[in-house]
Amino acid sequence: MEQIVRGKFGCGILFVMKSCQQLSTPMPFSVKRYGLLIPLKHGVIFSHREISHSVLRSILKPRPILVSVNPAVQHIIPSRGYAMVVARILRGALKIRYLLLGGAVGGGMTLQKTYEQWKDSLPDMKWLDEYLPDSEQWNSFRGSLLEMKDKVKDNIEIDPRLKAYGETKYRNFRDWFDKRLDAAIEAAEKSEVESKFSHQTLQQRIDQLQNELIQMQIKYQKEMERLEKENRELRKQLLLRGSNKIASKKVKKSLIDMYSDVLDELSEYDSSYNTQDHLPRVVVVGDQSSGKTSVLEMIAQARIFPRGAGEMMTRAPVKVTLSEGPYHIAQFRDSAREFDLTKESDLAELRREVEIRMKNSVRDGKTVSNDVISMSVKGPGLQRMVLVDLPGIISTVTSDMASDTREAIKQMSQLYMSNPNAIILCIQDGSVDAERSNVTDLVAQMDLQGKRTIFVLTKVDMAEENLTNPDRIKKILSGQLFPMKALGYFAVVTGRGKKDDSIQSIKDYEEQFFSNSRLFKDGMIMSSQVTTRNLSLAVSECFWKMVRETVEQQADAFKATRFNLETEWKNNFPRLRELDRDELFEKARGEILDEIINLSQVSPKEWEELLMKKIWDKVSMHVFENIYLPAAQTGNPGTFNTAVDIKLKQWAEQQLPQKSVESGWEGLQTEFQRFMERAKKRPEHDDIFDLLKTAVVDEAMRRHSWENKASEMLRVIQLNTLEDRSVNDKQHWDSAVKFLENSVKEKLQATEVILREMLGPSTKERWLYWQYQTEDQAKRSQVRNELEKILYSDYKHPPSLSYDELTTVRKNLQRSSVEVDNEYIRETWHPIYRRHFLKQSLARAYDCRKGYYLYHQGLETEVRVDCADVVLFWRIQQMLKVTANALRQQVMNREARRLDKEIKEVLEDYSQDMEKKTKLLTGRRVVLAEELKRVRQIQEKLEEFIQALNHEK
């Protein structure tokens, strides 16, 4: 009873709606009671389908509410299983039938209900019954009409004539209708035949219409050309008349010339084409030998560029400014010469000049250059625009090119095309396979959307002959073949492969080709897509549209740049004027020339002292080594004087004059340098000029050469002076002695320096300053000791060692375990002997200080005082004085003026060499002033151009 109350019996109880059914397995499950899932212990969860299948019989035959489930009492009956299968099949079939029957009944009842609702929604029309007859009244009215018809038919008789006339009219109408019907049938058959015939001749009619259209377009083109020619003549007359009227006034530049000047200023401002220059220009790019230059010449209407058979001719960017004018002329920007393009001789000279400029622009072993060649072309009817012809893009670098040529051309093209406002004129050779094109990929990278690219297919005549599929050209000109996009696509013919063809003959050939081309006849190419004339008009229109849209933005950008530069100048150089390189160069020119004038302020005494010192420094070594020392070894005054006379004469005839001239030139250079150094110490000195001044002076000194006749003049003077051996007064004697003493002391000091380097520190230095000798110096010190023994033993030893003396020295050194050869001994002997000799000479000079009386009286031999060397140096001193005086006169009278002239020449050369000025005038101050000047000029020209452009609108 407790289990019944709790809902359990045996292993588990299942509540199914209001009855219970037997479960197959006693496991825990949940039941759904009143729409809720109730967990039960020891039960199993069944799906609705499983429950329905298992309890079918329980539904048909109810059982007690509570059923015990006991697995032990269950029995399996085989026949019962088959019966269950049959019962399930019947149940499914009956269920389907009931569903269909129930659906039909339900649908009918729904339809009936809907009809009743629709009927109830209609308005009440019962009020019409009062005005409309019912069905019985309609039947009565119909019967009365039928009776009246019978009566009328039997009682009314028609006039026979009227009846005959009616029948006649009926027959006539019938005959007319039959004829019309036959005519319509015949016309239909005829139209069918004609339609078949017209269908056969439709293609011929289309061809005829296309020919008529072509002829009409050609006629229109010729008429336009005739009108343009007349217009050019009229404009030429107007321009000539206007130029005659304002000949005395300043010539006003045209709009395109003003714009070209702005671009030239930008090119000089930044030769590497900085991206801040976003002013429009037409950039002509294409593969090598694709016809770029020919297209440009057709637009300019002149053969202005050099040609080469498969050779690279365009090696630098060429900026061509096209403008309208009364005469067809060309002119370079930096030249005043005008080339008449109607004359073949001027055209040939123009092409040669372009080729020369291109070759001169290429430097340092390169093949191409970034230097822009700027030229203008004027003529009647020319479209106003600025074009830049770039070197053709190449695939292979040949052996005669620089290794970086391909990359240099690619970078140059990318620089010009990177300008977001540049019109890209992409030239593609139509006679080669499209897959070999290099330029299209490059243009596609720089202008992805094709908003500023105009595609030009050249050599279409050759393409039509070579291509087997004409649709390929149609795909190219419709933008479907190449990956790039473009504003427009054009097909042109720029020649027949003959370099001597004139522009007019090429135009005629182009017109004839397109009038007979099957591409044009088949409708593959529109008439507006052909001829260089249409291309020129389209390019000019795009160019000016881009100019009007962007020029004011560029002017604002340069205004901002100018403000920034001016602010930087005020902060860094507040008290200095803004001087560019040209102005600084002119200021430096004046300062250098002022220093030349200062040379005239040097006194004659200063000049002579300077020149004497320069000459003696240059000849003293020769005097001691080749004259004084060899003559002094004779030991006899007579022999000494003879040897001196001979050597002095030889010296004066051969070396002395030239050495004196060199000394004079060095003295002039030294004095000028002294003035330059003195100028650097002035308070107003500007060190920005130092490099330039030094370079100018060095270059002038290098170019300067002393007059040739100066050497001949000096030779005579010096020979006469050196022949005089008579010392006239005591003052000259004392001066000669002093000169000898000073000269000997100088040489002695120089010799001591040589010995110091050869022998190392002395004994005193080694003990006091802890300095040490090298192994070689120690060895030479031992050699010196042996050599000094020889000199002590023979005070008047000759300047060379004998073989026996060399052997003795070497043997003595071997006893001290020092191995040396004879050459090593001689090297040590020469400076030791020179010191010994100079000491003797200095001692004699001291003895001769008071020897003038003995010399004058001729008592030198009696008192054994040898003063012949004093006389020698007196002769040399007199020669130096005379030479210095002559050189001083030459310097002050002629060489200073020649130096002034040469410095002016150097300054003039440097003023024309921008590279020199850039190298010698450097620093942020110079660069900032240059940028500020350029930006101001560009801004002013831009504003002037914008004003003229707005005025033209």
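Residue numbers run from 1 in the order of the sequence given.
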Atom pair NZ/CH2 of K647 and W651 - distance to nearest 0.5 Å:
13.0 Å

Which residue is it: N370, V368, V362? I am looking for the one with a side-chain contact (heavy atoms from CB on, under 4.5 Å) to K366.
V362

What do the steps show when you test F837 against Y628 for ring-ring contact (aromatic ring centres under 6.0 Å, His included), and what is the final call?
CA-CA 11 Å; F837 171 78; Y628 182 39; 5.3 Å; yes

Going by ring pair (Phe, Tyr, Trp, His ring centres under 6.0 Å), name the pairs with one or both residues in residues 572-603, residues two or more places apart or in two chains.
W569-F573

For residues 652-677, which residue pairs pass the ring pair (Phe, Tyr, Trp, His ring centres under 6.0 Å) check, not counting sequence neighbours?
W665-H704

Can you list every pair that meets salt bridge (Lys or Arg N to Asp or Glu O under 4.0 Å) and has a residue in residues 592-601, with sequence neighbours left out?
E595-R682

Between N885 and Q889, do the side chains contain a donor N or O and an acceptor N or O under 3.5 Å apart?
yes

Given the options R835, K745, R834, K747, E752 meets salt bridge (charged side-chain N to carboxylate O under 4.0 Å, His left out) only with R835

Which residues pass the side-chain hydrogen bond (donor to acceptor under 3.5 Å, both in side chains) test with K916, not counting sequence neighbours?
none

Do K319 and S260 have a side chain donor and acceptor closer than 3.5 Å?
yes

Any ion pair linking R702 and E699 (charged N to carboxylate O, less than 4.0 Å)?
yes

How would you list, by chain and number, every residue that makes a ring pair (Phe, Tyr, Trp, His ring centres under 6.0 Å) with H830, sequence neighbours excluded?
none

Applying salt bridge (charged side-chain N to carboxylate O under 4.0 Å, His left out), run through K933 and E930 and close with a yes or a no.
CA-CA 5 Å; K933 178 183 177 182; E930 285 280 315; 6.0 Å; no

Picking from D686, D580, D687, what satisfies salt bridge (charged side-chain N to carboxylate O under 4.0 Å, His left out) with R925?
D686

Please check if any side-chain donor atom of Q673 sits under 3.5 Å from a side-chain acceptor atom of E677, or the reverse.
no

Does the pair K904 and D900 meet the rule for a salt bridge (charged side-chain N to carboxylate O under 4.0 Å, His left out), with working shown?
CA-CA 6 Å; K904 288 180 179 178; D900 178 67; 3.3 Å; yes

Identify, with sequence neighbours excluded, every residue that meets ring pair (Phe, Tyr, Trp, His ring centres under 6.0 Å) alongside F945.
Y259

Would you call R352 and E355 a salt bridge, using N to O less than 4.0 angstrom?
no

